[in-house]
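The block underneath contains the structure these notes are about, expressed in structure tokens.
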There are 2 protein chains.
Amino acid sequence: MSVMPPLDFDDHKTDRPDAPDLSAPPCRNCDVVRELAFCADLTHDEIRRLATVRCHAQLPAAFSVFREGDPADHVYSISTGAVKLYKLMSDGRRQIIGFLFSGDMFGLGLDGGYCYTAETLVPTQLCRFTHRKLDTMMDEFPRLERKMFTMTVKDLVAAQEQMLLLGRKTAREKVATFLLKLSRRAAQQGQPASPVALPMSRADIADYLGLTIETVSRTFTQLKRENIIGLPDAGHVVLTDESALRELAEGTASG
Amino acid sequence: MSVMPPLDFDDHKTDRPDAPDLSAPPCRNCDVVRELAFCADLTHDEIRRLATVRCHAQLPAAFSVFREGDPADHVYSISTGAVKLYKLMSDGRRQIIGFLFSGDMFGLGLDGGYCYTAETLVPTQLCRFTHRKLDTMMDEFPRLERKMFTMTVKDLVAAQEQMLLLGRKTAREKVATFLLKLSRRAAQQGQPASPVALPMSRADIADYLGLTIETVSRTFTQLKRENIIGLPDAGHVVLTDESALRELAEGTASG
DNA sequence: CTCTTTCGTTGATCAAGATCAGTTTCCCCG
DNA sequence: CGGGGAAACTGATCTTGATCAACGAAAGAG
């Protein structure tokens with residue numbers, strides 16, 4: 001169920017953190033997502049200050065950024081790419097907590113250890129900050145704290161929405177909700193809303209929706225037969241009938 | 001499934017908000033939970049300032065504080081009592097997002113409307129603040145914002161834990177996890193950890209755990225037969241074998 | 001105190017989705 | 001281009017928890 005990534009956390013740690021070529025340009029890679037990321041709302045000077053404590057990294061796909069239980073020293077922001085967060089039970093059951101994209105932040109939590117594992121889905125550029133320095137920055141720049149607070153509230157609202165999905169929706173409703181959410185997110189990022197890309201595997205989708213791989217697969221083909229979606233290949237979905245999908249997602253569907 | 005409360009929101013609004021007898025003593029009712037509530041960490045003077053914009057209320061049981069979709073004007077903090085937060089689907093399916101107790105805060109969210117309904121479980125004393133004034137206070141007292149931020153991160157971590165429960169745990173595991181959580185929370189509030197009180201109905205528990213009333217009831221009696229818990233009455237549970245419960249909750253149990 | 005209503009428990013049956021068991025498709029790599 | 005392996009798809013069967021139905025017990029109204 002949970003395959004080890006090609007490189008482990010320690011390699012990662014020793015490989016790149018303070019590599020000189022990465023810390024040079026002040027948030028150059030972030031320009032594109034400035035509007036969304038937690039460093040939005042800051043002035044040019046504030047971003048320059050923030051850049052002095054950040055550390056940039058380019059990671060390959062299927063790479064573990066950190067694991068559940070690791071000492072929680074850093075907070076991350078995604079410049080480009082995609083990340084999944086998940087929790088594991090001792091017998092291997094897995095729940096994916098979220099799929100994250102450009103501008104998303106992760107790594108916040110209680111003291112004493114990350115409460116989920118973070119793994120890249122595709123080659124990903126990350127911005128990393130130590131908790132300690134970020135706390136200092138928040139003291140200096142109230143707008144930074146406010147923005148991070150707001151983003152955390154948004155995450156909480158999304159988590160509550162996901163509780164409704166996991167606890168009360170049927171398989172069809174779960175898949176429909178998932179596809180719409182991905183589509184909206186893609187649009188928000190300036191990507192096409194309809195042939196929506198699925199950078200994650202069927203197993204990932206299943207573990208995100210509280211289903212099995214088989215049920216996800218069956219539901220996809222079922223929706224395709226009903227001409228609600230199209231499946232040009234396993235990694236892309238065409239939202240042929242978005243209104244049907246919306247009705248399905250809310251549980252308002254007839255059939 | 002969702003019965004209307006005895007009094008509606010408008011009654012509440014017109015009945016008490018700025019009633020003189022409620023705004024007089026500066027957080028007298030909060031003294032007991034000062035350590036936990038979001039106004040912890042503040043100096044005496046800061047609390048005095050905060051008290052000038054707060055509004056206290058005593059609500060009966062089964063009272064709607066606000067409903068999903070209502071304009072989100074206020075943030076609430078529980079002085080004493082218990083509250084449930086839930087989301088509804090159009091066909092009546094319900095997901096309880098959380099059970100809240102003394103010191104807990106609710107009402108944060110996106111602009112434009114509460115994304116859940118808040119209803120008292122028992123007679124409850126609440127502290128109410130307008131978003132606007134609370135924002136002003138946060139600007140003045142960075143410690144206040146920091147505390148609210150921290151509490152929101154905690155809520156998020158709890159929500160992620162609940163996603164694992166809803167998506168991947170069995171009925172037995174769900175119930176075991178729920179009882180342990182309640183017990184720990186009771187202990188933290190200075191109440192006995194073992195004959196733990198269940199201020200909510202079986203329907204509430206079911207809608208919190210993504211189960212039906214019948215399954216919750218059957219699981220309780222099953223655990224009772226196995227001498228893992230005791231059920232003196234419907235509203236109390238004795239944690240007879242806490243370690244068995246812990247194993248069950250983590251999915252480590254043998255049987 | 002009794003009637004009524006709601007809530008909780010229990011039993012019988014059902015069905016959505018899980019599990020088990022292949023088969024097909026798509027990549028990746030030689 | 002062809003072979004190996006992983007990922008996705010599909011079919012058959014099973015199981016958990018849902019649904020349907022009934023009953024008992026506690027709580028609230030008159």
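So that the names make sense, note that chain A is the first sequence line, chain B the second, and so on, each numbered from 1.
At a cut-off of 3.5 Å, with distance as the only test, a side-chain donor of T177(B) or K169(B) sits close to an acceptor on the other residue.
Counting only heavy atoms from C-beta on, S217(B) has its side chain closest to dT10(C) among dG17(C), dA8(D), dT10(C). Distance from the side chain of S201(B) is smallest to dG8(C) among dA18(C), dG17(C), dG8(C). Relative to the side chain of R202(A), the nucleotides dG17(D), dC9(D), dA18(C) differ in distance, and dC9(D) lies closest.
A donor-acceptor contact shorter than 3.5 Å links the side chain of S102(B) to the backbone of S79(B).
Residues L166(B) and G167(A) come closest through the heavy atom pair CD2-CA, 4.1 Å.
With rounding to whole Å, L223(A) atom CG is found 12 Å from dC9(D) atom P. If you measure from atom NZ of K224(A) to atom P of dA8(D), you get 15 Å, rounded to the nearest angstrom. Rounding to whole angstrom units, CG of residue D91(A) and P of dT19(C) are separated by 11 Å. Distance I205(A) CD1 to dA8(D) C1': 11 Å, rounded to the nearest Å. What separates CG of L231(B) from P of dC7(C) is a distance of 19 Å, to the nearest Å. Residue L211(B) contributes atom CG, which lies 14 Å from atom C1' of dT19(D) at whole-angstrom precision. Look at NE2 on H236(A): it is 15 Å from C1' on dA8(D), rounded to the nearest Å. Following rounding to the nearest Å, F220(A) (CZ) and dA7(D) (C1') show an atom-to-atom distance of 14 Å.
OP1 or OP2 of dT10(C) lies within a sub-4.0 Å distance of a side-chain N or O belonging to T221(B). Between T212(A) and dT19(C) there is no side-chain polar atom (N or O) within less than 4.0 angstrom of OP1 or OP2.
Along DNA chain C, the nucleotide closest to I213(B) and the one closest to D233(A) are compared, and the more 5′ of them pairs with I213(B).
Taking the six-membered ring wherever Trp is involved, the centroid distance between the rings of Y76(B) and F66(B) falls below 6.0 Å.
If you check every strand for non-hydrogen atoms under 4.0 Å, G235(B) touches nothing.
With hydrogens and angles ignored, a donor-acceptor pair under 3.5 angstrom links the side chain of R218(B) to the base of dT19(D). For E214(A) and dC9(D), a side-chain-to-base donor-acceptor distance below 3.5 Å is absent, hydrogens and geometry of angles not being considered.
Geometrically, R94(B) engages Y86(B) in a cation-pi contact, judged by NZ or CZ lying under 6.0 Å from the ring centre and within 45° of the ring axis.
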